[in-house]
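Comments concern the structure below.
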Amino acid sequence: MAPPPSAVSPEPDSASPATLTTKFDDTLRFYLNGTRVVLDDIDPEATLLEYLRGIGLTGTKLGCGEGGCGACTVVVSQYNPTTKQIYHASVNACLAPLASIDGKHVITVEGIGNVKQPHPAQERIAKSHGSQCGFCTPGIVMSLYALLRNNQNPTEHDVEEAFDGNLCRCTGYRPILDAAQTFTTQKAAGCGNSKANGGGGCCMENGTGEGCGKAGKEGADQPIKRFTPPGFIEYKPDTELIFPPALKKVEFKPLAFGNKRKTWYRPVTVEQLLEIKSVFPNAKIIGGSTETQIEIKFKALQYPVSVFVGDIPELRQYSFKDDHLEIGGNITLTDLENLSHDAVKQLGSDRGQIFTAIHKQLKYFAGRQIRNVGTPAGNLVTASPISDLNPVLMAADAVLVAKSLGKETEIPMADFFTGYRRTALPADAILAFIRIPFTQKNEYFRAYKQAKRKDDDIAIVTAALKIRLNDDGVAEACNLVYGGMAPFTVAAKKANAFLTGKKLAELETLEGAMSALEEDFNLSFGVPGGMASYRKSLALSFFYRFYHEVMAILGGEKSEADQEAISELERDISTGTQDREAAAAYIQETVGKSNPHVAALKQVTGEAQYTDDIPPLKNELYGCMVLSTKAHAKLKSVDYSAALDIPGVVDYIDKNDMPSADANRFGAPHFEEVLFAEDTVLTAGQVIGFVLATSAARATDGARAVKIEYEELPAIFSIEEAIEQESFYKFFKEIKKGDPEEAFKNADYTFTGVARMGGQEHFYLETNATLAVPKPEDGEMEVFASTQNPNETQEYVSRVCNVQANKVVVRVKRMGGGFGGKESRSVPLSCYVALAAQKTKRPVRCMLTREEDMVISGQRHPFLGRWKVGVNKDGKIQALDLDIFNNGGWSWDLSAAVCERAISHSDGCYLIPNIHVRGRICRTNTVSNTAFRGFGGPQGMFIAESYMTEVADRLGMPVEKFREINFYKPEEQTHFNQPLADWHVPLMYQQVISEADYEARRSAVTEFNASHKWRKRGLALIPTKFGISFTALWFNQAGALVHIYHDGSVLVAHGGTEMGQGLHTKMTMIAAQALGVPLEDVFISETATNTVANASATAASASSDLNGYAIYNACAQLNERLAPYREKLGPDASLKQLAHAAYFDRVNLSAQGFYKTPEIGYTWGANTGKMFFYFTQGVAAAEVEIDTLTGTWTCLRADIKMDVGRSINPAIDYGQIEGAFVQGLGLFTMEESLWFRGGPMAGNLFTRGPGAYKIPGFRDIPQQFNVSLLKDVEWKNLRTIQRSRGVGEPPLFMGSAVFFAIRDALIAARKQYGVQATIGSDEKGDGLLRLESPATPERIRLACVDPIMERARVLPKEGEKSFFIAI
């Protein structure tokens, strides 16, 4: 897509390589999965990932292209010149240049195992249900593999930290961690005899198997034997791929290869490097390529001469001197992390304080894959203003040694940064060494970092603080250094000057230093990067924490230091439980069993094929979209000539290639959206054209070269702006029941409020992808697409290609996640690709980059609710008046249906006798918001729980009691007049209170909060009810086709698509159960429009209900036809024998099944008819702890209970519950989409990749994560397949329990300073806490009212606005 206008290419170097005296080799030699590879035809622009996928090793996936998700993780084994040992490094293949793998052994997921012989890491993740969509799984497997190769006996902590560079959007991480923990040597720690508990060793640890209580004969000193859980392959480290002996003896030669666009050099000595630098001063020096590859990919920077310096041993050495440690600039961050740990051991904790700080900062510096290749020199020269490491080196007064040919220069860190991304390093020099001084006597050194997420996240603010005192406690020297407070790493000059000469223990010193810091960092409200108040508060809080830690050390036990401010919030090893007996009462031969996902083993071994894994076809072209860079503008001109001039660019398509004006229209029923922009663009990221080329890289170059002239128009972004300017779509829906006006008059109290929540990016790990193959006859087109909606894809492809639908076949094997994002927004991409294929008569492929996908595909709708509640003194709600607004974005899409579901869920789980709810859709110039797991339900319920908590505060009543008072009772009617059958929320509420020990924990939380000043805990108990059915009646239907073959095998086709939710697994189980055959005899190949026609999208959590019954219906027909043969051949006859006999009697062994949901059909306006077939229900309790000094939080425990009816597969359902809960936790606490307000990128999405947009990681899940299913009840009215309930979407809202627990903790934090809600009064501007979602660390900190926060608040000047827009 088009780069930001500010991107420029560096000046090319004029000198020719002929002036270099070094003799360079031009051949790459390495090992790949144990096999030697020699390459001399090397594409200098290719990454390791592109090479691997190009030769057919497609198990390694492209997830983000910026090293932020880990989907592309491979292992590179090499001799490490720093440690003098073989190290197996997990690395991001999407960033690694091919030059970096010479002389090394590359291991991919295919190299360690396959479906028939999986590696134990692969098998355990598969069998432990740790793979759902499977797209992230190969990367996760390889991270675990790297851990095991480097450490045969990892601890539980090692395992938790091993995945800090990997993301998963489906599982909620718990089953992956459980699988990985089976490799640890501490899993037997629960036994009293375990070594961890001081015993001689548990029977499992010692392998004696003599039974618990009997320690092994070897005694406590013997090495621990790893315990293999039952049913798993034993892990034997000595059977792993060996490090090729030839590589142990390899002599690295200087390398040079390239073409006219780019040349790579790989020197192996410093002299060779300096010579290259002298000839090519502008050559780009590359260590880990972690920043450079992002600049090339996303900023369109070109580096014609690149030099890989990772194989120069001199730059990777270290040596301890008398007063400092000297490290090579190119030592990897992983080695520096370990070296810092060793330095503290060697020097002692006092002299090694700087190394303790380095180790602490590196622990949360990016992910392990980045630390394995990133270097301190790269970090310094990049000069990021928010670097984690640079402030430490600057505060430590480190000295940098720069080398150029014949010259060595020492640069003090204080003088190194000269401006934004600018340094004092001479153009022809390299940063060779870093000298890090040891801590002196009476010196104190600490480092701090705050980010949006604990693991693998860039900092908001970092600090390294150093002070040296004399024997009287007077500061002799002081260096407080901050990142994130200015365009580059800076010292707090005024604070440093103030502190020097002051006695630290005097109260005025702290106050004066804080005031000086305020002057040093007097940020304006609209400061670049935003978050002015938060950043300022962090600068003060970090110093406050540091000051009191120093005071505590000086004062010993008698110290008057604020002890509680010192320690930071850390989390324990996470654990979890599931009720494995939940289905015991109704388990059958197949149905009810916890079978693994049918494709799990294929996914963990990299054999599962996704759309972009389909091998390239002959003559194939690649497409890249030309996107608008303006949020609202007239298109004055679009010029493709420069693009067509690029070698490899073949053609383009745009609106003019459509067969008719109508064919360019998209989005039933309004057809207001255009596939290609016509005269006006309505959002940044709207598609204008589609460039075709012989490779994806050339297509990207072509799209960037298209010249577009705009005439900008005013744009609207937020809901508030849209309301103010009355920018709405022509949509208005309402539900009115009872007489709210009269009820408000008679209610004891009337309270009002506003609830607001942001949107959410789907962040499926596989971006949208399509391959279209034109056929030579009749205009036929075959489309392979990553879509939840093959039927709609078929419909629109037939429109744009001007052929009948019967000529278009859409195939979906599987998706790497969907979550609603591939229900409608996947369709345009298939249209572009198919039209291009038709025009060029060649196959065309396009897989969106993460950036493109986030910019064009839409998100969960942001919502705003303005509510008024009438309530009596006894806590009984009398009336609700509610206006709901959602941000639809630039086109209708599915916004109307999303708004309707929000309206229908705005009652929560509460009986409100008099209610009037109205819904509108805001028309804005942002992404077209779309379906996302929950589809408006979570937003409606969030509004409901917001008014419940705020009204409870106003009543002075515990919200748990307030909820209970207002719960629906069985058979009571909702506001849309539907009786609640099989209503179990009140029962589950009591069960969770009891099983989670809620009352005792509530008392403990109250006690904790009373005794802690800076730490607060909160609890919340949140119920949910989620209506299952499409609100559009006609979608509630499904078809299936079942074939029985001669050999007794069964092929099933149905209209649902597999995106990781286990649909195919459940469907094969239903068919196997119905036909009485083993599960392995049933197969689902794909979803295709030529086997099941007119299928509804896989959405609304109804796919198991609909497709399951259609399959059951087909199987029933087949059973009926086979009944005479069963009678004749006896009950033990196999399906093979039955099929054989029936075939010879000419009996049809194929059946088409069909199902439509009965009874439903709601009429808006009249408020009659049944809206939903049933409600899936659940209750979740969550407990959190927050550090109010920084806004950091952790979820200590979550307990979830779901009513899923009779589960078809409990393991699949638990996976859906845990995954949805963690996705909900992300929605309500950390996932924040932001747009640029001004500058050249005004109106563009800022959060367009994992670098800026944070989804939960492995260490964001609850520390204790307990899930159970409701059992021992009857489901008298549930008439679904197997009496199961839909489970995909309903659990997501329960992640809000974490949000409301945070709010609960904040109430305690504010109460401490006398700020609380006025009871019985609807006072505006009192102490009532109105917390917007998501509750980010910034919002948490800003909700606090302690003196530090109050002095840090930055108010906008007149007309001043924030740097970012939250829509």
Side-chain angles (χ1 to χ4, degrees), residues 719-720 723 728 732-757 863-886 899-900 902-920 939-969 972-980 1023 1025 1164-1168 1171 1300 1316-1331:
I719 295 174
E720 290 84 352
I723 293 171
F728 298 114
F732 177 78
K733 286 283 171 75
E734 62 180 339
I735 294 178
K736 189 169 184 181
K737 184 177 180 180
D739 188 348
E741 293 84 357
E742 194 59 32
F744 279 117
K745 287 179 195 168
N746 298 324
D748 293 340
Y749 301 111
T750 299
F751 301 122
T752 59
V754 176
R756 196 191 198 289
M757 64 178 284
F863 265 72
L864 184 139
R866 292 175 174 170
W867 53 265
K868 181 166 81 168
V869 170
V871 62
N872 283 349
K873 287 175 182 168
D874 61 2
K876 204 92 177 94
I877 296 176
Q878 300 303 304
L880 169 68
D881 186 85
L882 174 63
D883 276 299
I884 291 176
F885 302 89
N886 79 17
C899 195
E900 287 170 4
I903 292 168
S904 68
H905 285 67
S906 59
D907 58 333
C909 295
Y910 313 107
L911 177 68
I912 304 172
N914 304 285
I915 186 167
H916 191 186
V917 190
R918 300 164 295 276
R920 292 180 185 82
Q939 293 100 315
M941 289 185 281
F942 176 77
I943 292 169
E945 292 303 337
S946 294
Y947 63 68
M948 292 301 288
T949 49
E950 290 190 22
V951 169
D953 287 352
R954 291 286 193 210
L955 292 172
M957 178 186 287
V959 68
E960 296 88 349
K961 183 183 173 189
F962 184 50
R963 288 192 181 101
E964 243 177 302
I965 289 168
N966 289 288
F967 272 149
Y968 282 114
K969 295 182 178 63
E972 286 187 335
Q973 290 191 354
T974 64
H975 59 308
F976 45 90
N977 292 321
Q978 181 167 334
L980 290 170
K1025 74 164 171 40
W1164 286 89
N1167 203 13
T1168 56
M1171 192 181 290
F1300 288 105
Q1316 51 192 323
T1318 309
I1319 292 174
S1321 163
D1322 196 30
E1323 265 189 55
K1324 296 287 173 274
D1326 68 342
L1328 180 79
L1329 175 58
R1330 293 212 161 119
L1331 187 62

Take Asp907 and Lys1025 through the test side-chain contact (heavy atoms from CB on, under 4.5 Å) and record every step on the way to the result. CA-CA 10 Å; Asp907 58 333; Lys1025 74 164 171 40; 3.1 Å; yes
With side-chain contact (heavy atoms from CB on, under 4.5 Å) as the criterion, how do Asn1167 and Phe976 come out once you've worked through the C-alpha distance, each side chain's angles and the decisive distance to 0.1 Å? CA-CA 6 Å; Asn1167 203 13; Phe976 45 90; 3.5 Å; yes
Would you compute the distance between atom CG of Leu1331 and atom CZ of Phe1300 and round it to the nearest 0.5 angstrom? 8.5 Å
Of all heavy-atom pairs linking Leu880 and Ser906, the shortest is CD2-O, 4.2 Å
Any non-hydrogen side-chain atom of Arg920 less than 4.5 Å from a side-chain atom of Asp883? yes
When you compare the side chain of Met948 with that of Tyr910, does any pair of heavy atoms fall below 4.5 Å? yes
Which heavy atom of Phe744 sits nearest a heavy atom of Gly870, and at what distance? CE2-N, 3.3 Å
For the side chain of Asp1326 and the backbone of Thr1318, is there at least one donor-acceptor N/O pair under 3.5 Å apart? yes
Side-chain donor or acceptor of Asn886 paired with backbone N/O of Phe863 under 3.5 Å: no
Would you say that Leu955 contacts Phe751 through its side chain, given a criterion of any heavy-atom pair below 4.5 Å between the two side chains? yes
Taking the six-membered ring for Trp, are Phe728 and Phe885 parallel (under 30°), tilted (30 to 60°) or perpendicular (over 60°)? parallel
When you compare the side chain of Glu972 with that of Leu980, does any pair of heavy atoms fall below 4.5 Å? no
Do any N or O atoms from the side chain of His905 and from the backbone of Ala944 form a donor-acceptor pair under 3.5 angstrom? no
Quick test of your reading: applying side-chain hydrogen bond (donor to acceptor under 3.5 Å, both in side chains), list the pairs with at least one residue in residues 866-879, sequence neighbours left out, ordered by first then second residue. none
Taking all atoms of both residues into account, what is the closest heavy-atom pair of Phe962 and Ala952, and its distance? CD2-CB, 3.9 Å
Between the side chain of Arg954 and the main-chain N/O of Glu1323, is any donor-acceptor distance below 3.5 Å? yes
Pair Leu1328-Glu950, side-chain contact (heavy atoms from CB on, under 4.5 Å): steps then yes or no: CA-CA 7 Å; Leu1328 180 79; Glu950 290 190 22; 3.5 Å; yes
Any heavy-atom pair between the side chains of Arg963 and Pro1023 that's under 4.5 Å? yes
Distance (rounded to the nearest 0.5 Å) between Thr949 OG1 and Glu960 CD: 11.0 Å
Interatomic distance, Ile735 atom CD1 to Met1171 atom CE [nearest 0.5 angstrom]: 4.5 Å
I want to check something: taking the side chain as every heavy atom from C-beta on, are Gln939 and Ile884 in contact at a cut-off of under 4.5 Å? no
For residues Thr974 and Tyr968, determine if any side-chain heavy atom of one lies less than 4.5 Å from a side-chain heavy atom of the other. yes
For the residue pair Pro740 and Ala879, what are the closest heavy atoms and their distance? O-CB, 4.1 Å
Asn966 side chain vs Ile912 backbone, donor-acceptor pair below 3.5 Å: no
Test side-chain contact (heavy atoms from CB on, under 4.5 Å) applied to Glu720 and Leu864, step by step: CA-CA 9 Å; Glu720 290 84 352; Leu864 184 139; 3.4 Å; yes
Can you check whether Thr1168 reaches Asn977 side chain to side chain, under 4.5 Å on heavy atoms? no
Hey, what do you get for CZ (Arg918) to NZ (Lys733), rounding to the nearest 0.5 Å? 15.5 Å
To the closest 0.5 Å, what do you measure between OG (Ser946) and CZ (Arg1330)? 10.0 Å
Tell me the closest heavy-atom pair linking Val869 and Ile877, and the distance in Å. CG1-CG2, 4.1 Å
